A.B. asks: 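I'd like to ask you about the structure that follows.
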Protein chains: 2
Amino acid sequence: MEKENSYRIGELVRMFGITSRTVRFYEELGLIESMDRDGSEHRRYSERNVIRIKRIQQLKDYGLTLSEISALFEMARADRTGATVREGLAVKYRQKLDEALKRRAQLDAYIEDLSWHVEQVERANDFFECPGASCATCRWAERCDVRLLVKRPAS
Amino acid sequence: MEKENSYRIGELVRMFGITSRTVRFYEELGLIESMDRDGSEHRRYSERNVIRIKRIQQLKDYGLTLSEISALFEMARADRTGATVREGLAVKYRQKLDEALKRRAQLDAYIEDLSWHVEQVERANDFFECPGASCATCRWAERCDVRLLVKRPAS
DNA sequence: CGCTAGCGTACCCTTTACGTCAACTTGGGA
DNA sequence: TCCCAAGTTGACGTAAAGGGTACGCTAGCG
């Protein structure tokens, strides 16, 4: 069996476009552990570690936090068949998907609202400054420095 | 001219469903200032302050950060005609709208991707654990504890 | 006068995913 | 052998928008 080749931290940095701080941070969290540094002071990483970092990045891309990822890894250590972990992952994915759908609904409403307001402010229907003493909206005789947005009528 | 009526901080709390800590925090940031406390130790707020808080909440709802709001207020202090501020506001709104549109595009892609993955993981096509020695994806003879997600094929 | 809810200041804490020193130590090429 | 880029530990900082607590003072009503 040939010697497993190993990477130095800087190589990971270049591979993934992350910083060495990140790698060490992941180690702190127990997400990865470097190979035995036997004697050397410098960390060495196996192919396995590389894959693990890729995995972390993928899960991160799908919206899992590092602590969720950590929990999954923890699970994996106890459950070598993978069934429980897969179940947990499915749950997480569904959960993130639900959240995303909810976010999208909110975002749509927000976009609609905001585009209406953009139009208003460009037509000067929405004042930031009270226009002066005769301002009908304000309840003060003198100038005021805030004025409410025109409320978007329910369509 | 009748005496301007004033509110105590607790009243604002009840009005807006915010905490007194928040009100004082806004004061710290210079977003609002209470009326002159002349003599009293307790803050008093005018109608003006009330409107201002409403204004802050509206701008916050449209995605402006407190520091952006602060910058606008700062502008308003210098520019009493309102033209510059309105311009600034329009720019901010457009900017937030653009960001929102971009976020929505990303979110849509994310949702599509993730729903595909949900399906995969439920069909057990996406392993968290390597299934064992015969695993075709892994490059090691022994078990490994991470395996890459199946990559979603470009449709 | 006395009570107590309300208000005051001042300080640290939260979350997430690292960034940024500082001050050394080490590894590997010339 | 020498040198310097690369690596090390450890501590502290950052953003955002307040939350939480401690502990003391006050306003205003009966």
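What you see is a predicted model, and the numbers here were worked out from it, not measured in a lab. Throughout, protein chains are lettered first and strands after them, A, B, ... in sequence-line order, and every chain is numbered starting at 1.
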A.B. asks: Using only atom types and a distance under 3.5 Å, with no angle test, would you say the side chain of A:Asn49 pairs donor to acceptor with the backbone of A:Ile32?
C.D. replies: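 No, the answer is negative, given that no donor and acceptor are paired below the 3.5 Å cut-off.
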A.B. asks: Determine, for B:Phe73 and B:Arg52, whether the Lys NZ or Arg CZ falls below 6.0 Å from the six-membered ring centre while staying within 45 degrees of the axis.
C.D. replies: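 Flagged: B:Arg52 positioned over aromatic ring of B:Phe73.
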A.B. asks: It should be established whether B:Thr19 places a side-chain nitrogen or oxygen under 4.0 Å from OP1 or OP2 of nucleotide D:dG19.
C.D. replies: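 True: B:Thr19 side-chain N/O within range (under 4.0 Å) of D:dG19 OP1/OP2.
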A.B. asks: Is B:Glu74 paired with B:Arg77 through a side-chain N to carboxylate O contact shorter than 4.0 Å?
C.D. replies: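 A salt bridge is present here (some side-chain N lies under 4.0 Å from a carboxylate O).
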A.B. asks: In whole angstrom, what separates B:Lys60's NZ from D:dA16's C1'?
C.D. replies: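 Rounded to whole Å, this separation is 10 Å.
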A.B. asks: Between C:dG6 and B:Arg8, is there an OP1 or OP2 to side-chain N/O distance shorter than 4.0 Å?
C.D. replies: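 For C:dG6, neither OP1 nor OP2 has a side-chain N or O of B:Arg8 closer than 4.0 Å.
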A.B. asks: Is there a side-chain polar atom (N or O) of B:Thr22 under 4.0 Å from OP1 or OP2 of D:dA17?
C.D. replies: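 The answer is no; no side-chain N or O of B:Thr22 sits under 4.0 Å from OP1 or OP2.
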A.B. asks: With a 4.0 Å limit, can you tell me whether B:Arg21 has a side-chain N or O closer than that to the phosphate oxygens OP1/OP2 of C:dC11?
C.D. replies: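 For C:dC11, neither OP1 nor OP2 has a side-chain N or O of B:Arg21 closer than 4.0 Å.
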A.B. asks: Given atom CZ of A:Phe25 and atom P of D:dT14, what is their separation to the nearest angstrom?
C.D. replies: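 For the pair A:Phe25 CZ and D:dT14 P, the rounded distance is 17 Å.
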A.B. asks: Under 4.0 Å: is that the gap between some side-chain N or O of A:Ser20 and OP1 or OP2 of D:dG7?
C.D. replies: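 So the side-chain polar atoms of A:Ser20 never come under 4.0 Å of the phosphate oxygens OP1 or OP2 of D:dG7.
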A.B. asks: Do we see a donor-acceptor contact under 3.5 Å between the side chains of A:Ser70 and A:Ser67?
C.D. replies: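 The answer is no; no qualifying pair exists.
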A.B. asks: Below 4.0 angstrom from OP1 or OP2 of C:dA17, is there any side-chain N or O of A:Tyr26?
C.D. replies: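 No, A:Tyr26 has no side-chain N/O under 4.0 Å of OP1/OP2 on C:dA17.
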A.B. asks: Could you state the atom-to-atom distance from CE of B:Met35 to P of C:dC7 in whole Å?
C.D. replies: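 To the nearest whole Å, that distance equals 16 Å.
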A.B. asks: Evaluate the ring planes of A:Tyr62 and A:Tyr93, with Trp represented by its six-membered ring, and classify them as parallel (under 30°), tilted (30 to 60°) or perpendicular (over 60°).
C.D. replies: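 The rings of A:Tyr62 and A:Tyr93 sit tilted, inter-plane angle from 30° to 60°.
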A.B. asks: Determine the contact category for A:Thr65: base if any of its heavy atoms lies under 4.0 Å from a base atom, sugar-phosphate if only primed atoms, P, OP1 or OP2 are that close, otherwise nothing.
C.D. replies: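 Result for A:Thr65 = sugar-phosphate.
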A.B. asks: What nucleic acid atoms does B:Arg43 come within less than 4.0 Å of, heavy atoms only: base, sugar-phosphate, or nothing?
C.D. replies: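 Sugar-phosphate, no base atom in range.
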A.B. asks: Go nucleotide by nucleotide along DNA chain D from the 5' end; which of B:Leu64 and B:His42 gets its closest nucleotide reached first?
C.D. replies: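 In this pair, the answer is B:Leu64.
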A.B. asks: Could you give the CG-to-P distance, from A:Leu29 to C:dT16, as a whole number of Å?
C.D. replies: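 My rounded result for the distance is 11 Å.
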A.B. asks: Rounded to the nearest angstrom, tell me the gap between atom CZ in B:Arg24 and atom C1' in D:dT21.
C.D. replies: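 To the nearest whole Å, that distance equals 13 Å.
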A.B. asks: Expressed as a whole number of angstroms, how long is the span from B:Ile9:CD1 to C:dA5:P?
C.D. replies: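 These atoms are roughly 18 Å apart.
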A.B. asks: Nearest whole Å is fine: how far is D:dA16 P from B:Leu31 CG?
C.D. replies: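 My rounded result for the distance is 14 Å.
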A.B. asks: What's the CG-C1' distance between B:Leu59 and D:dA17, to the nearest Å?
C.D. replies: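 Roughly 16 Å, once rounded to whole Å.
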